A.B. asks: 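My questions will all concern the structure given below.
Both backbone and side-chain heavy atoms feed into the values below; hydrogens, waters and symmetry mates do not. If you're wondering where the values come from, they're calculated on a predicted model, not measured in any experiment. Order of the sequence lines sets the chain letters (A, B, ...), proteins ahead of strands, with each chain counted from 1.
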Amino acid sequence: MPELPEVEHAARTLRRLALGRRVARVVLDGRARRLFRPDGPAAVAAALTGARLAAVDRRGKQLLLTLEGAEGVVGLNSHLGMTGKWEAGPRWSPGGTGGSSGSGGSSGPGAPPLPPHVRAALLLDDGSAVHYDDPRMFGRLRLVPGARFEALAEVAALGPDPLHDGIDAAALATGLAATRRPVKVALLDQGLLAGVGNIHAAEACWRARLDPRRRADRLSRAEVAALARGLRATFRFALAKLDGPDIEYIEAGGDNPFHVYGREGARCRHPGCGGAVRRVVQAQRSTFYCPRCQR
DNA sequence: ACCCGTGTTCGCTG
DNA sequence: TCAGCGAACACGGG
């Protein structure tokens, strides 16, 4: 799920579903231990239970939740990894035996069973629920005491956020000039610009008509400016898609909404180009581009 | 069975 | 000293 547009979408989803609500119960997949590093499922469940969701923020691909509990303010840092998503869960009834959410966070007596791949269920005080779904478990849910997110190394290391700070071409040029790596690989560095991932790095290069294999430190100012525009455009495009009715994206049989990503062999969509999209591998990741118009 | 995958971290190397 | 590279993580889908 995760590049900046989808993480932003996740933040909006969480605000819509849960902002201002109290977490009445927490049910966690106790086997998904790596997801709850370093606190462990039990500590996460204990910290969240009874707390009210006061804020949902995002920096790059990092989701930053602020909760107010009996013990004071606690932060929850959610990273979606490769396949994480937040979604509405089924309604629930408090009734039951009060079968605690506390005992290790795993589903105890009376706890509703979690659907496959749902690693965490937050049961809210109005009978609604939100689920964190993550089949591959590359994501992370960790506590941040006092919601002091700046104390997290992964947050402190982030570069400017495209939505909060904008994309400054001069700053981008400075960052790119500092590395000899290929430009598409350089764009994946979260310290350069927070939130760029494999899809949008390739899409931005395509929009800038820039060969993704070019050395980052050898781009002209005009090329970096075009890249900055390409990044703004591809993020804007994806966010509009996510706001729209067809959220299916690339999975679940949904149409591929991208211009080069996942389109190996297809025709380049730049007017009058007609080149064939090619796939190469850079830094162990697929890169898609049009050899004809991307120079 | 085999290959691929929207991300990140870690250890090694030159 | 450190930029850059490749393996590893874990699981489902084509």
A.B. asks: Measure from the side-chain heavy atoms of Gln284(A) and tell me the nearest of dG6(C), dC11(C), dT6(B).
C.D. replies: dG6(C)
A.B. asks: With distance as the sole criterion, is a donor-acceptor pair present between the side chains of Ser128(A) and Arg91(A) under 3.5 Å?
C.D. replies: no
A.B. asks: Counting only side-chain N and O atoms of His79(A), is one of them less than 4.0 Å from OP1 or OP2 of dT8(B)?
C.D. replies: yes
A.B. asks: Can you list everything that forms a salt bridge (Lys or Arg N to Asp or Glu O under 4.0 Å) with Arg213(A)? Sequence neighbours excluded, please.
C.D. replies: Asp211(A)
A.B. asks: Only counting residues at least two apart or in another chain, list the ones meeting side chain to side chain donor-acceptor pair (under 3.5 Å) with Asp189(A).
C.D. replies: none
A.B. asks: Using only side-chain N and O atoms of Thr83(A), determine if any of them is under 4.0 Å from OP1 or OP2 of dG7(B).
C.D. replies: no
A.B. asks: Calculate the interatomic distance between Phe258(A) atom CZ and dG5(B) atom P; express it in whole Å.
C.D. replies: 14 Å
A.B. asks: Could you state the atom-to-atom distance from CG of Asn198(A) to P of dG5(B) in whole Å?
C.D. replies: 8 Å
A.B. asks: Considering only atom P, compute the distance from dA10(C) to dG11(B) and round it to an integer number of Å.
C.D. replies: 16 Å
A.B. asks: Provide the full list of ring-ring contact (aromatic ring centres under 6.0 Å, His included) pairs with a residue in residues 269-295 of chain A, sequence neighbours left out, each pair given once.
C.D. replies: Trp206(A)-His270(A), Tyr261(A)-Phe288(A)
A.B. asks: Who pairs with Tyr132(A) by ring pair (Phe, Tyr, Trp, His ring centres under 6.0 Å), at least two apart in sequence or on another chain?
C.D. replies: Trp86(A)
A.B. asks: Between side-chain atoms of residues 166-183 of chain A and protein atoms elsewhere (two or more places apart, or another chain), which donor-acceptor pairs fall under 3.5 Å?
C.D. replies:
unit_1, atom_1, unit_2, atom_2, d
Asp168(A), OD2, Ala171(A), N, 2.9
Thr174(A), OG1, Ala170(A), O, 3.1
Thr179(A), OG1, Arg181(A), N, 3.1

A.B. asks: At under 4.0 Å, does any side-chain N or O of Lys61(A) touch on OP1 or OP2 of dT6(B)?
C.D. replies: no
A.B. asks: Just call it for Arg181(A): base, sugar-phosphate, or nothing, with non-hydrogen atoms closer than 4.0 Å on any strand.
C.D. replies: sugar-phosphate
A.B. asks: Taking N and O atoms by type only, does the side chain of Arg136(A) place a donor or acceptor under 3.5 Å from a partner on the base of dG5(B)?
C.D. replies: yes
A.B. asks: Centroid distance below 5.5 Å plus an interplanar angle below 30 degrees: do Phe138(A) and dT8(B) meet both conditions?
C.D. replies: no
A.B. asks: NA contact type, Arg279(A), heavy-atom cut-off 4.0 Å: base, sugar-phosphate, or nothing?
C.D. replies: sugar-phosphate
A.B. asks: State whether Arg285(A) places a side-chain N or O below 4.0 Å from either non-bridging phosphate oxygen (OP1 or OP2) of dT6(B).
C.D. replies: yes
A.B. asks: Both atom distances under 3.5 Å, Watson-Crick or G-U wobble: I'd like the secondary structure of DNA chain B as a dot-bracket string, with | for pairs made across strands.
C.D. replies: .||||.||||||||
A.B. asks: Please state how far atom CZ in Arg142(A) lies from atom C1' in dT9(B), giving the value in whole angstrom units.
C.D. replies: 12 Å
A.B. asks: Test salt bridge (charged side-chain N to carboxylate O under 4.0 Å, His left out) on Arg12(A) and Asp243(A) and set out the steps.
C.D. replies: CA-CA 10 Å; Arg12(A) 294 174 185 176; Asp243(A) 275 343; 3.4 Å; yes
A.B. asks: Expressed in angstrom and rounded to an integer, what is the separation of Arg34(A) atom CZ from dT8(B) atom P?
C.D. replies: 13 Å
A.B. asks: Atom CG of Leu192(A) and atom C1' of dA3(C): how far apart are they, to the nearest Å?
C.D. replies: 15 Å
